[in-house]
Student: 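Encoded as structure tokens, here's the structure I'll be asking about.
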Protein chains: 2
Amino acid sequence: MPGRKLEAEKELFYEYLRQNGLKKTRQKDLILDTFLGNEGHMSVEDIYALVKKRDRKVGIVTVFRTLKSLNACGIAREINLGDGLTRFEHCYQHPVHHHIICTKCLRVIEFLSPELERVQQGVVSRYRFQPLHQRIQIYGLCEDCRENRAAPTGPQPDTEKIFARDALRMAIAMQRQGCEFYRSAASCNQDPAGREVFESIALEEESHALQLEMELEMMHRYEKGLEEAPVFLHFDSCELQQLIPNLPSDLGDSELRLDARRALEIALQLEKRAAGFFKDYAERFGETEGKRIFERCAEQQMKHFASINRRAEAIAPASA
Amino acid sequence: MPGRKLEAEKELFYEYLRQNGLKKTRQKDLILDTFLGNEGHMSVEDIYALVKKRDRKVGIVTVFRTLKSLNACGIAREINLGDGLTRFEHCYQHPVHHHIICTKCLRVIEFLSPELERVQQGVVSRYRFQPLHQRIQIYGLCEDCRENRAAPTGPQPDTEKIFARDALRMAIAMQRQGCEFYRSAASCNQDPAGREVFESIALEEESHALQLEMELEMMHRYEKGLEEAPVFLHFDSCELQQLIPNLPSDLGDSELRLDARRALEIALQLEKRAAGFFKDYAERFGETEGKRIFERCAEQQMKHFASINRRAEAIAPASA
DNA sequence: GTACGTGCAAAGACTTTGCAATGGC
DNA sequence: GCCATTGCAAAGTCTTTGCACGTAC
């Protein structure tokens with residue numbers, strides 16, 4: 001599985017070479033391999049040192065030139081972490097992100113925050129500015145350095161994996177929240193048929209949540225250290241909360257009475273919103289595993305929507 | 001008035017020199033003057049070119065060294081706008097801010113967004129990271145470049161002035177909102193004494209708003225181009241809206257009936273919140289004119305609070 | 001008079017370019 | 001065989017350092 005991605009990256013590079021009339025060489029291959037085999041934010045010198053270990057005859061100029069190519073074809077991204085060196089990070093199927101940099105141990109935390117993006121979008125739009133790329137870097141001291149502890153040095157899972165994990169976590173949170181909503185709606189509902197509807201949908205949500213949790217479990221098993229890796233995608237649980245429909249509370253809370261049809265309508269509302277929400281999220285990201293998870297969730301919600309809709313139509317055929 | 005700030009900056013530099021056993025020289029003075037006399041984000045070369053016009057014998061090394069000193073004593077701030085040059089911007093009594101950079105015309109828009117700050121703070125705190133400084137830069141195309149217009153070249157007012165303007169604008173918006181609230185509360189209120197209270201407070205707010213507006217007017221008159229300068233401080237009017245108390249709406253909206261005492265209590269609530277709000281804002285910024293405006297507003301709101309409080313006590317002496 | 005300041009030149013750090021030999025295709 | 005590639009050296013860019021002379025205090 002991880003090998004497949006490596007292959008895809010190499011193929012992408014070769015394709016780039018072909019399309020530009022460039023040639024495949026031992027050195028380029030070696031540099032690509034070295035770059036792909038190392039996570040983190042490496043300077044030219046870093047990569048040169050690693051390459052030299054494998055072939056002492058490679059020149060640093062070739063490393064410069066090859067990294068420029070890797071940058072051009074979307075495998076590497078040139079970044080500047082404020083130390084005057086050009087550094088390169090993995091770019092292929094990695095979401096664009098921001099950096100938190102410890103000025104003491106030089107550890108870099110990558111993160112993404114749709115809320116930050118939203119606020120920023122609001123700002124630039126006031127100037128009618130068209131943003132093309134951005135640089136958000138926060139410098140300071142990490143917890144370990146502040147407390148004079150050694151930073152953990154184990155191999156870090158790569159950002160795409162962490163992003164996928166966080167996407168799954170978000171999907172699970174959504175599913176769990178839906179589940180809880182249907183359960184509480186069922187328990188409040190005095191109408192037996194409506195209650196039954198909520199209960200059955202809660203079960204469906206539960207089963208989907210379990211499925212996602214299992215998937216997350218598998219992911220953790222395959223990827224060492226993934227579970228402990230710091231959060232990458234910051235999502236706001238309030239955002240999820242807002243998708244939950246309000247139960248009609250004109251009556252006292254305990255006197256809720258929704259028949260099957262009304263219950264199904266409410267469920268349709270939630271499923272539709274959730275689908276839209278995930279679709280929206282999926283669209284924010286370039287081709288990544290996380291994006292695919294969001295897409296899948298949106299699809300699944302739409303399917304659930306459709307199945308609930310069929311049920312609603314069976315009760316009372318739709319008008320129009 | 002602007003001369004006074006210049007003097008303060010020079011004095012700050014001389015003080016720095018004295019405290020570090022360094023010497024005051026013709027060259028340092030010339031470089032400081034040149035830096036202070038030019039807004040914008042100048043590279044060493046830029047400043048060197050300007051300095052050379054006044055004294056051909058000055059060396060670029062001296063410019064490098066002097067700018068390092070200016071950076072060290074808080075008059076200049078070293079920034080990196082992604083073009084590989086170290087640039088310097090005014091720092092003394094200028095709020096820290098972010099940059100939007102047009103990659104075509106190289107124009108730089110400075111901005112500040114407390115909301116962005118808030119989101120960012122939320123992110124770093126999840127990593128228990130202690131942020132010390134940050135770099136937020138958005139690259140893209142400005143409106144003028146997208147539409148192939150020439151960028152306006154008039155002299156830009158400096159950021160501190162624009163910040164002060166925006167602080168005033170915010171204070172005015174707050175005052176206007178309060179005014180509107182008291183007016184509408186008065187018109188809804190069926191209790192004559194309560195209505196009179198709201199009306200009189202509305203007048204006080206109005207007078208304060210007018211005072212601030214006059215101040216803004218003066219500011220515009222003294223500073224060419226200030227009125228048209230793009231927004232620097234992005235504040236969210238919802239944030240202001242949230243300070244407005246909800247009128248008790250247990251009854252129908254038109255049946256509001258608040259006696260003088262209740263009306264005064266509601267006014268106290270608003271004034272207190274507003275004072276807290278401005279105090280909070282003032283605390284976010286270093287020594288700048290904008291900060292002082294926020295502080296003054298907080299004070300004024302506290303005074304208003306006290307005066308309303310006296311009125312409330314006159315009606316019914318406070319318990320405890 | 002002492003010690004920092006200055007400006008020149010030189011060095012340093014990072015990156016790019018020129019060029020002759022090499023090696024894909 | 002053509003032409004991109006490579007690795008060396010050299011150059012380029014931005015910045016800092018070394019040093020002898022100058023000058024502020």
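Side-chain atoms are counted along with the backbone in the values below, which use heavy atoms only and exclude waters and symmetry mates. Throughout, protein chains are lettered first and strands after them, A, B, ... in sequence-line order, and every chain is numbered starting at 1.
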Student: Specify the separation, in whole Å, of atom CG of Leu22(A) and atom P of dC3(D).
Tutor: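 In whole Å, dC3(D) P and Leu22(A) CG are 14 Å from each other.
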Student: Rounded to whole Å, please give me the gap between CG in Asp29(A) and P in dG23(C).
Tutor: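 Taking CG of Asp29(A) and P of dG23(C), I get 16 Å after rounding.
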Student: Mapping Gly21(B) and Ile60(B) onto DNA chain C by nearest heavy atom, which one lands closer to the 5' end?
Tutor: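 Looking at the nearest nucleotide for each, Gly21(B) comes out on the 5' side.
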Student: Any Lys/Arg nitrogen of Arg284(A) or Glu117(A) sitting under 4.0 Å from an Asp/Glu carboxylate oxygen of the other?
Tutor: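 Between Glu117(A) and Arg284(A) there is no salt bridge, as every charged N stays at least 4.0 Å from the carboxylate O atoms.
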Student: For a salt bridge (Lys or Arg N to Asp or Glu O under 4.0 Å) with Lys5(A), tell me which candidate from Glu160(A), Glu11(A), Glu289(A) qualifies.
Tutor: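 For Lys5(A), the salt bridge (Lys or Arg N to Asp or Glu O under 4.0 Å) test succeeds with only one of Glu160(A), Glu11(A), Glu289(A), which is Glu160(A).
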Student: Find which nucleotide of DNA chain C each of Thr62(B) and Asn20(B) is nearest to by heavy atoms, and output the residue with the more 5' nucleotide.
Tutor: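 Result of the comparison: Asn20(B).
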Student: Under 4.0 Å between a Lys/Arg side-chain N and an Asp/Glu carboxylate O for Glu78(B) and Lys68(B)?
Tutor: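 Judged by the 4.0 Å cut-off on N to carboxylate O distance, Glu78(B) and Lys68(B) do form a salt bridge.
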Student: Expressed as a whole number of angstroms, how long is the span from Asn80(A):CG to dC14(C):C1'?
Tutor: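 Nearest whole value for this atom pair: 12 Å.
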Student: Do His99(A) and Glu89(A) get their side chains close enough for a donor-acceptor pair, meaning under 3.5 Å?
Tutor: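 Their side chains do contain a donor-acceptor pair, which is all the 3.5 Å distance test asks for.
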Student: Looking only at the side chain of Thr25(A) (C-beta and beyond, no hydrogens), which of the listed nucleotides dT6(D), dG23(C), dT15(C) gets closest?
Tutor: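 Shortest atom-to-atom distance from the side chain points to dT6(D).
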Student: In whole Å, what is the span from the CD atom of Glu78(A) to the P atom of dT16(C)?
Tutor: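 From Glu78(A) CD to dT16(C) P: 7 Å.
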Student: Of the nucleotides dA4(D), dT6(C), dG7(D), which has the atom closest to the Val61(A) side chain?
Tutor: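 The closest nucleotide is dG7(D).
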Student: Check this one for me: any side-chain N or O of Lys57(A) less than 4.0 Å away from OP1 or OP2 of dG7(D)?
Tutor: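 No, Lys57(A) has no side-chain N/O under 4.0 Å of OP1/OP2 on dG7(D).
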Student: By nearest atom, which of the nucleotides dT6(D), dC14(D), dG7(C) is closest to the Val58(B) side chain?
Tutor: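 Of the candidates, dG7(C) comes closest.
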Student: Just to be sure I understand the rule, does Lys24(B) reach a base, reach only the sugar-phosphate, or reach nothing, if contact means heavy atoms closer than 4.0 Å?
Tutor: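 Sugar-phosphate only.
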Student: Select base, sugar-phosphate, or nothing to describe what Leu85(A) touches, counting heavy atoms under 4.0 Å on all strands.
Tutor: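 Contact class for Leu85(A): sugar-phosphate only.
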Student: With respect to the side chain of Thr86(A), which nucleotide from dT5(D), dT15(C), dT16(C) is positioned closest?
Tutor: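 Per side-chain heavy atoms of Thr86(A), the pick is dT15(C).
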Student: How close or far is atom C1' of dA11(C) from atom CZ of Phe64(B), stated in whole angstroms?
Tutor: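 Computing the Phe64(B):CZ to dA11(C):C1' distance gives 14 Å.
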Student: Using whole Å, what does the distance between atom C1' of nucleotide dT6(D) and atom CG of Asp55(A) come to?
Tutor: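 To the nearest whole Å, that distance equals 11 Å.
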Student: Kindly state whether the ring of Phe163(A) and the ring of Phe285(A) have centres lying under 6.0 angstrom apart.
Tutor: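 Yes, they do, as the ring centres are separated by less than 6.0 Å.
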Student: For the pair made of CD in Glu45(B) and C1' in dC14(D), what is the distance, rounded to whole Å?
Tutor: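 For the pair Glu45(B) CD and dC14(D) C1', the rounded distance is 9 Å.
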Student: Of the options dT17(C), dT15(D), dT17(D), whose atoms approach the side-chain atoms of Arg65(B) most closely?
Tutor: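 Nearest to the side-chain atoms of Arg65(B), counting from C-beta on, is dT17(D).
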Student: Determine the contact category for Ser43(A): base if any of its heavy atoms lies under 4.0 Å from a base atom, sugar-phosphate if only primed atoms, P, OP1 or OP2 are that close, otherwise nothing.
Tutor: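 Touches nothing.
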Student: Report yes if at least one side-chain N or O of Gln27(B) is closer than 4.0 Å to OP1 or OP2 of dG7(C); otherwise report no.
Tutor: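 Result: yes.
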Student: Given dG23(C), dC14(C), dC25(D), identify the nucleotide with an atom nearest to the side chain of Lys23(A).
Tutor: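 For the Lys23(A) side chain, the nearest candidate turns out to be dG23(C).
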Student: Atom NZ of Lys68(A) and atom C1' of dT5(D): how far apart are they, to the nearest Å?
Tutor: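 In whole Å, dT5(D) C1' and Lys68(A) NZ are 17 Å from each other.
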Student: Given Glu110(A), which of His98(A), His97(A), Gln156(A), His94(A) fulfils the side-chain hydrogen bond (donor to acceptor under 3.5 Å, both in side chains) condition?
Tutor: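 That would be His97(A).
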